[in-house]
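Comments concern the structure below.
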Amino acid sequence: MDYIKLANMLFPEELPTVEEILTCYPKRILPQKAQVTRVAPSPTGYLHIGTVYQAFINKLIAYHSGGVFFMRLEDTDCKREVQNAGDIAYNMLCYFGLKPDEGYRGNSEKQVGEYGDYIQSKRQNIYMAFAKHLVSIGKAYPCFCQVSGNKEDVLKRREEELAESDDIDGKDVCRYLTLEQVESNLSKGMPFAIRLKSEGNGEKKFKFKDEIKGEREIRENSKDIVILKSNKIPPYSLAHVVDDTLMGTTLVVRGEEWFPSLASHLELFHAFGLKPPKYAHTPVISKIDENGGKRKVSKRKDAEADARYFVEKGYPVGSVMEYLLNLINSDFEDFRRANPDKSYYEFPFKVSKIGSNNPMFDFQKLDDCSKQVIGRFSAQDIYNSLLAWAEKYDRSFYEKIAKMKDFCIKLFSIDREGKNPRKDISKWSEVENLYSYMFYTLDGKELIDYDFDCKNSPEEVISALKEYKKVFDINDDKQMWFDKIKSICPLLNFADNMKEYRQSPEKYRGNVADLSGLIRVAITTRRNTPDLYYIMQLLGKNEVEKRLDYAINLLLKKIQKI
RNA sequence: GGCCCCAUGGUCAAGCGGUUAAGACACCACCCUUUCACGGUGGUAUCAUGGGUUCGAAUCCCGUUGGGGUCACCA
């Protein structure tokens, strides 16, 4: 068979040769251990949190090795492409602090770097040239079988084939077409795809070292995989081999779902006589299903699959990244404890320490992580971040707090100065509710419900609040404030001293902590708030008195109803 | 179904042939305390299962079970 003739029949158009292309992409000049890594999302929707996770690992590797982290847009699937998804992906990566050093920069900015184009749909000639080359050396052939690419059809067909045999990778019939048959098909205008003429033997294994999984034995590829679709656009396999070669990628970090197709990628590199990069296959982030099963976080079913979810909920970037880093290298926590002020980029991250089982997404842990991160914020930072978040995601709250800057900063200062700050905020979206009692005045406010949840009767609560109102003075200092609370304890038969109360609780109706609790609930409707003294100071004399009255009246009404 | 990957508490996990099987989240108790927190101390709870190998197994090997992935002209 005259393969060069075949190649020219298939690709009559003017194309550069592979050698010419290769010389256009010079080797990168980098320090010895520098790694070139990449993030390569396909614009099929929003950015998946798993892509953030992958991108983070890639960025970390490039950063720590003094290499390059670039971005490439894998837009070779025209059917699934979603408008602006590439732009969203780029902007989200930047938002999470993962701005690529090189490559695609969204729709509005110019690409950066010498190894482009970084948008695959703009590189069609290159892929065609590579495919043609493989045909011309007898390692690829045209396939005229018309097969539906629709996912449902594929699944159905697969099921039918599986019913007959386990082995669904028999060699394609088109592999054995003669030059004349091809010519005849071509003259009828039949579309064709290009397939790799696999030389592998599925029974044979070869050694392979994965940077995460370690030494493996994998089966040779024996599938005649498609390397150019009938629309002349390559699928992932060819695009990966060509681009990561030309762009000088030294380490491909990708999800474990790619592991089964690794052998075919390796065979492709081999067919071209190219040296493959190193690979690291990472675990996939999973979650617990409604039914209790583990599964991959799915775009369709899980809101948190969309990276924007975390933005909308108001998790600070650092919180998400530290949580992810914790999944990536579980000893990150130790580092954080030892170095509370360092950037997480200073953590001595190791690819080899990435675990090999699929981590489960744990919101409790995320929240805790986030509380620690926000705990390191100053009151000013909290306010600024909250404001920026609210401006986008909660307009009415934004309008409110935009006018209350000083008040908010004072509020966020309570219990937050000093070594062990209060850790009660995990995301900006919960702040309004958490501190709701600080964001309204009683004027014009409808019924607020109180839950005193105490062992005292409503009558006792009323008299406690009345007594307190008598002595309350906004000008008191903190010591005086508390002394006054203590001073009314005896009137109510409350213990003003915890030690005494503990010794003989039966002698009292309550203690000074209980009394403080009643006042707290009356004023804030909550049992947990920051330091009550400062809350009252911020609220001011009138508001505190109004709230005390309000609570007393509410309780009176309740008694009358009974 | 074939092939591949994985298996330590509810979750994230250290562990690399000899450990009282770290640590974190969550939960509980106590301590601190002039309120809420913060912090501290302690506690409940784990090596999926059956066989080997070994003086000795969470650790090595095999089977079983369970979970995940993959088998597209999707990435």
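Note: hydrogens, waters and symmetry copies are ignored here, and every other heavy atom, side chains too, is used. Naming convention: chains lettered A, B, ... in sequence-line order (proteins, then strands); numbering from 1 in each chain.
Dashed line: the shortest gap from a side-chain N or O of A:K229 to OP1 or OP2 of B:rC74 is under 4.0 Å. In terms of phosphate contacts, A:R195 brings a side-chain nitrogen or oxygen within less than 4.0 Å of OP1 or OP2 of B:rC73. Neither OP1 nor OP2 of B:rA13 sits under 4.0 Å from any side-chain N or O of A:K365. Contact annotation: A:N357 reaches the phosphate of B:rU8 (side-chain N/O to OP1 or OP2, under 4.0 Å). At B:rA24, none of the side-chain N or O atoms of A:R337 fall inside 4.0 Å of OP1 or OP2 (strictly under the cut-off). Using a 4.0 Å cut-off, some side-chain N or O of A:N528 falls inside it from OP1 or OP2 of B:rA37. Phosphate proximity of B:rG39 to A:K423: present, with a side-chain N or O under 4.0 Å from OP1 or OP2. Taking only side-chain nitrogens and oxygens, A:R216 comes nearer than 4.0 Å to OP1 or OP2 of B:rC6. For A:T76, a side-chain nitrogen or oxygen approaches OP1 or OP2 of B:rA75 to under 4.0 Å.
In this structure, the CD1 atom of A:I218 is 17 Å from the P atom of B:rU70, given to the nearest Å. Remark: C1' of B:rC36 and CD1 of A:I414 are 11 Å apart, rounded to the nearest angstrom.
Within 4.0 Å of A:F259, counting heavy atoms only, lie sugar-phosphate atoms of the nucleic acid but no base atom. As judged by a 4.0 angstrom heavy-atom cut-off over every strand, A:C145 is placed among the base-contacting residues. Counting any heavy atom pair closer than 4.0 Å across all strands shown, A:P283 reaches no nucleic acid atom. Using a 4.0 Å heavy-atom distance criterion, A:R520 is classed as a base contact. Residue-level contact check: A:P530 touches the bases, meaning some heavy atom is under 4.0 Å from a base atom. Base contact: A:L532 has a heavy atom under 4.0 Å from a base atom. Looking at heavy-atom distances under 4.0 Å, A:D368 makes contact with sugar-phosphate atoms alone, never a base. Using a 4.0 Å heavy-atom criterion, one finds that A:K205 contacts the sugar-phosphate atoms exclusively.
Judged by distance alone with a 3.5 Å cut-off, a donor-acceptor contact links the side chain of A:S230 to the base of B:rC73. At a cut-off of 3.5 angstrom, counting only N and O atoms as typed in the model, there is no donor on one side facing an acceptor on the other between the side-chain of A:R527 and the base of B:rC36. Contact of A:K486 with B:rU35 (side chain to base): no donor-acceptor pair of N or O atoms is detected under 3.5 Å. Contact annotation: side chain of A:R80 to base of B:rC74, donor-acceptor pair present below 3.5 Å.
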Apply ring pair (Phe, Tyr, Trp, His ring centres under 6.0 Å) to residues A:F259 and A:H265 and explain how you reach the verdict. CA-CA 10 Å; A:F259 202 70; A:H265 300 157; over 10 Å; no
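For A:P191 and A:F482, each mapped to the nucleotide of RNA chain B holding its nearest heavy atom, the one lying further toward the 5' end belongs to A:F482. Comparing A:P41 and A:D362 along RNA chain B, the residue whose closest nucleotide (by nearest heavy atom) sits nearer the 5' end is A:D362.
We find that A:R336 and A:E322 are joined by a salt bridge, their nearest charged nitrogen and carboxylate oxygen being less than 4.0 Å apart. Ion pairing between A:K79 and A:E81 fails under the 4.0 Å rule for side-chain N and carboxylate O. A:E256 has a carboxylate O that lies under 4.0 Å from a charged side-chain N of A:K213, or vice versa, which qualifies the two as a salt bridge. No salt bridge links A:K423 with A:D415; every basic N to acidic carboxylate O contact stays at or beyond 4.0 Å.
The side chain of A:E333 approaches B:rA24 more closely than any other nucleotide in the set B:rA7, B:rA24, B:rA37. When the nucleotides B:rC5, B:rA37, B:rA26 are ranked by their closest atom to the side chain of A:Q364, B:rA26 comes out on top. Between B:rC71, B:rC5, B:rG23, one nucleotide has an atom nearer to the side chain of A:K223 than all others, and that is B:rC71. For A:S330, the side-chain atoms get nearest to B:rA14 when compared with the rest of B:rC5, B:rA14, B:rA24. Checking B:rC25, B:rU35, B:rA13 against the side-chain heavy atoms of A:P359 singles out B:rA13 as nearest. For A:L327, counting side-chain heavy atoms from C-beta on, the closest listed nucleotide (B:rC12, B:rG69, B:rU34) is B:rC12. Side-chain proximity of A:D77 to the nucleotides B:rC74, B:rC3, B:rG39 is greatest for B:rC74. The A:S516 side chain lies nearest to B:rU35 when the options are B:rA13, B:rU35, B:rG68. With B:rC73, B:rU70, B:rA75 as the choices, the nucleotide that has an atom nearest any side-chain atom of A:P260 turns out to be B:rU70. Listed candidates were B:rA37, B:rA75, B:rG68. Nearest to the side chain of A:N358 is B:rG68.
Of all nucleotides present, only B:rA7 satisfies the Watson-Crick or G-U wobble test against B:rU65, with each distance under 3.5 Å. Remark: B:rU41 base-pairs with B:rA29. Criterion, Watson-Crick or G-U wobble with two distances under 3.5 Å. Pairing for B:rU70 goes to B:rG2, judged as Watson-Crick or G-U wobble with the two contacts each under 3.5 Å. The nucleotide B:rC12 finds its pairing partner in B:rG23, both defining distances of the Watson-Crick or G-U wobble pair being shorter than 3.5 Å. Figure legend. B:rU34 is base-paired to no nucleotide; pairs are counted as Watson-Crick or G-U wobble with both atom distances under 3.5 Å.
Atom NZ of A:K229 sits in a crowded spot, with more than 12 heavy atoms from other residues, nucleotides or ligands closer than 6.0 Å.
Note: A:W258 and A:Y279 fail the aromatic proximity criterion, with ring centroids not under 6.0 Å apart.
Within the cation-pi definition used here (under 6.0 Å to the ring centroid, within 45° of the axis), A:K342 does not qualify as a partner of A:F335.
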